[in-house]
Amino acid sequence: MRTAVGAIAPEVKDEFRYDEVPWRRFRHFYGPGEEIPGLLATLASGDAEAADGALRQLWTNLHHQGGTIAVGALAVPFLLRTATTGHPGLRAQTLHLVAEIGRCQHIGNGSRKGLLQVAEEPLMVEGSTMCPVDWTIQAARLAVTDDLHLLLPLLDGPAPEVRSMSAYVLAAATDEIPRVSSALRFRLANEDDAMVRVSLILAIAQLAREHQDDRAPGWARDLWSDPGRPPEVRIGAGLAWLCLVTDPAPDELRTLLTDPAIRRYDDLLQPVPWLTWCDAPGFALRSCIDEMLTSNTPTAVPDDPWGGGLSS
C-alpha cells in the first residue's frame, strides 16, 4: 500500500484521475475497492445533498468500528483535495476521515499512552487482505505529508472546526516537522477559540512525542502551570504533559484537572478530535482526565531532540 500510494503522480491527484489508481486490488469493509472512486466523485460534485450522502458512505466503508483499511490510504489524496475545494460545510468531516485513516484504532482510549498514539500494533492485520494495518496508516501519513501545501493554509480558515481538524491531520505528518510544528505554534499564539487551542496543543505534543523532542515536556509544563493562561490552554497542556512524561502528576496539576469548575469545559471541548472518541458526549474530557490520573502505564520519556523547537 505504501508503494501504491507513493506511485500516484501529482497530476493524477490534482486532476482527480481515479482510473489511474489501482482500486480493484483492494477491498473496503463492505465491498470492492472500485466502488470508492464513485463516492469520491460524488463528494466533489456540485450536489450538496449527494455529497453529504457520499461522505457518510465513505466513513462507513473506510472507518469501521474505529479501524482503517488499505483502500482508505488510496483515497487520502483525493479527500484532501476535496476538503480544500468542495462544500465548505463538509470540509471538517472530510478532514476528520483523513485523520482517522492515518491513525490506529483508539475508541475509548484516553490514556497517557493512547491519546496521542498513531501507530498500530505490528501484529494487527486486515481481515480481507492480511496486510499489516500499520502499513496502511503509514501510507496515509505519507500521503498527508506529500500534501502539506494543501493543509497548512487551512489552519487560518474562518471555521473553528476546520482549523481544529487541520491540526488533527497535520499531527500525523512524517516529514518537515519543524515547518509543521512552527505553523501550529504560530496559529496557537493567534487563536481565540477554546476547542482549537486544545487541538493545536495536542497536535504539537503528538509531533513532539513522535519525533522525540525532549524539550516538549518543559513547554507543556510552562503552559499548564501558568495561572495567567486561559483555562482551556492549561487543561490541554496538562493532558499533553501527562502524555509526554512518565512522572506522576504533580499535586498542582491534579488540583487543576480535578477542579469541579473544569466540568463546564466538558461540552465545549467534546469536539476536540483527540477527545471525541474517549467517551460519550459530555463525558470525554472527564473520562480522559480520570484515566490519565489513575493510569499505571504511562508512555516512555522522549530522549532525542529534533530541530525546530517549541515555544509557548
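Only heavy atoms go into these numbers, but all of them, side chains included; no hydrogens, no water, no symmetry mates.
Within the structure, every pair that satisfies the ring pair (Phe, Tyr, Trp, His ring centres under 6.0 Å) test and touches residues 162-182, not counting sequence neighbours, is listed here: H96-Y168, Y168-W274. Sorted by first and then second residue, the pairs that involve residues 279-289 and meet side-chain hydrogen bond (donor to acceptor under 3.5 Å, both in side chains), not counting sequence neighbours, are D279-S287. Under the ring pair (Phe, Tyr, Trp, His ring centres under 6.0 Å) criterion, no residue pair touches residues 137-158, with sequence neighbours excluded. Every pair tested for ring pair (Phe, Tyr, Trp, His ring centres under 6.0 Å) that includes a residue from residues 189-208 fails, sequence neighbours excluded, so the list is empty.
For the atom pair Y30 OH and Q57 CD, the distance stands at 9.0 Å (nearest 0.5 Å). Atom CD1 of I69 is separated from atom NE2 of H28 by 8.5 Å, given to the nearest 0.5 angstrom. In this structure, OG1 in T145 is found 7.0 Å from CZ in R141, a value given to the nearest 0.5 Å. Taken to the nearest 0.5 Å, the CG atom of L207 stands 10.0 Å off from the OG1 atom of T174. Here the straight-line distance linking atom CG of D213 with atom CG of L244 works out to 8.5 Å at 0.5 Å rounding. Distance check, rounded to the nearest 0.5 Å: CG of D266 to SG of C288 gives 11.0 Å.
In this structure, D19 places its CG atom where more than 12 heavy-atom neighbours from other residues, nucleotides or ligands lie under 6.0 Å away. Atom CZ of R179 is surrounded by more than 12 heavy atoms from other residues, nucleotides or ligands within 6.0 Å. Annotation: E49, atom CD; neighbour count of heavy atoms from other residues, nucleotides and ligands within 6.0 Å does not exceed 12.
Annotation for C243 and L115: closest pair SG-CB, 4.0 Å, computed over non-hydrogen atoms. When all heavy atoms of I36 and A75 are compared, the closest pair comes out as CG2-CB, 4.3 Å. Annotation for V144 and L80: closest pair CA-CD1, 4.2 Å, computed over non-hydrogen atoms. S166 approaches L95 most closely through the heavy-atom pair OG-CD1, 3.7 Å. Closest approach of G157 to R163, counting heavy atoms only: O-NH1, 2.9 Å. Taking every heavy atom of both residues into account, A183 and L152 meet most closely at CB-CD2, 3.7 Å.
Q138 and D134 form a side-chain donor-acceptor contact under 3.5 Å, judged by distance and modelled atom types alone. Between the side chains of R81 and T85, no donor N or O sits under 3.5 Å from an acceptor N or O.
Between D226 and R234, no side-chain nitrogen of the basic residue sits less than 4.0 Å from a carboxylate oxygen of the acidic one, so the salt-bridge criterion is not met.
Between Q93 and R56 there is no side-chain heavy-atom pair separated by less than 4.5 Å. In this structure, T258 and I262 have side chains that are not in contact, with every pair of non-hydrogen atoms separated by 4.5 Å or more. Put simply, the side chain of T42 does not reach to within 4.5 Å of the side chain of D47, judged on heavy atoms. Within the 4.5 Å cutoff, the side chain of V169 has no heavy atoms near those of the L154 side chain. The closest side-chain heavy-atom distance from T82 to L40 is not below 4.5 Å. In this structure the side chain of V21 never reaches within 4.5 angstrom of the side chain of Y18, judged on heavy atoms. Contact check for R103 versus Q206: side-chain heavy atoms found under the 4.5 Å cut-off. When side chains are defined from C-beta on, S225 does not count as touching W241, because their heavy atoms never get closer than 4.5 Å.
Listed by chain and number, the residues in a side chain to side chain contact (heavy atoms under 4.5 Å, CB included) with A280 are F283 (sequence neighbours excluded). Shown here are the ring-ring contact (aromatic ring centres under 6.0 Å, His included) partners of F186, two or more places apart in sequence or in another chain: there are none.
Under a 3.5 Å cut-off, the side chain of H87 and the backbone N or O of S45 do form a donor-acceptor pair. Of the possible polar contacts, none joining the Q65 side chain to the G67 backbone as a donor-acceptor pair under 3.5 Å is found. A donor-acceptor pair is defined here as one N or O able to donate and one able to accept, closer than 3.5 Å; no such pair exists between the side chain of E191 and the backbone of R197. Within the 3.5 Å criterion, the main-chain N or O of L257 finds no donor-acceptor partner in the side chain of R254. Here the side chain of S181 pairs no donor or acceptor atom with the backbone of I177 at under 3.5 angstrom. Checking side-chain atoms of E120 against main-chain N and O of V133 turns up no donor-acceptor pair under 3.5 Å. R112 places no side-chain N or O within 3.5 Å of a backbone atom of M292 that could act as its donor or acceptor partner.
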Notebook entry, point to check: Checking side-chain contact (heavy atoms from CB on, under 4.5 Å) for the pair L293/L242: CA distance, chi angles, key distance, verdict?
Noted result: CA-CA 9 Å; L293 293 181; L242 288 167; 4.2 Å; yes

Notebook entry, point to check: Going through the checks in order, is the side-chain contact (heavy atoms from CB on, under 4.5 Å) test met by D147 and K13?
Noted result: CA-CA 10 Å; D147 284 330; K13 295 184 283 189; 4.3 Å; yes

Note to self: Show, in sequence, the C-alpha distance, side-chain angles and deciding distance for R187 and D156, and conclude whether the side-chain contact (heavy atoms from CB on, under 4.5 Å) test is met.
What the structure shows: CA-CA 7 Å; R187 182 64 248 172; D156 296 321; 3.0 Å; yes

Next item on the list: In sequence, state the C-alpha distance, the side-chain angles, and the governing distance for V180 and L151, and then conclude on side-chain contact (heavy atoms from CB on, under 4.5 Å).
Entry: CA-CA 10 Å; V180 176; L151 283 163; over 6 Å; no

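Between H64 and F29, the ring-plane angle classifies as tilted under the 30° and 60° cut-offs.
Taking hydrophobic clusters as Ile, Leu, Val, Met, Phe, Trp and Tyr residues chained together by side-chain heavy-atom distances below 4.5 Å, V76 does not share a cluster with L142.
Results of the side chain to side chain contact (heavy atoms under 4.5 Å, CB included) test with L184 over L202, I201, L155 single out L155 as the only residue that passes. Considering E161, M165, E100 in turn, M165 is the only one that fulfils the side chain to side chain contact (heavy atoms under 4.5 Å, CB included) rule with P273. Screening V272, L275, I204 for a side chain to side chain contact (heavy atoms under 4.5 Å, CB included) involving S199 leaves a single residue, V272.
Remark: R2 is positioned above the aromatic ring of W135, its terminal NZ or CZ atom under 6.0 angstrom from the ring centre and at most 45 degrees off the axis.
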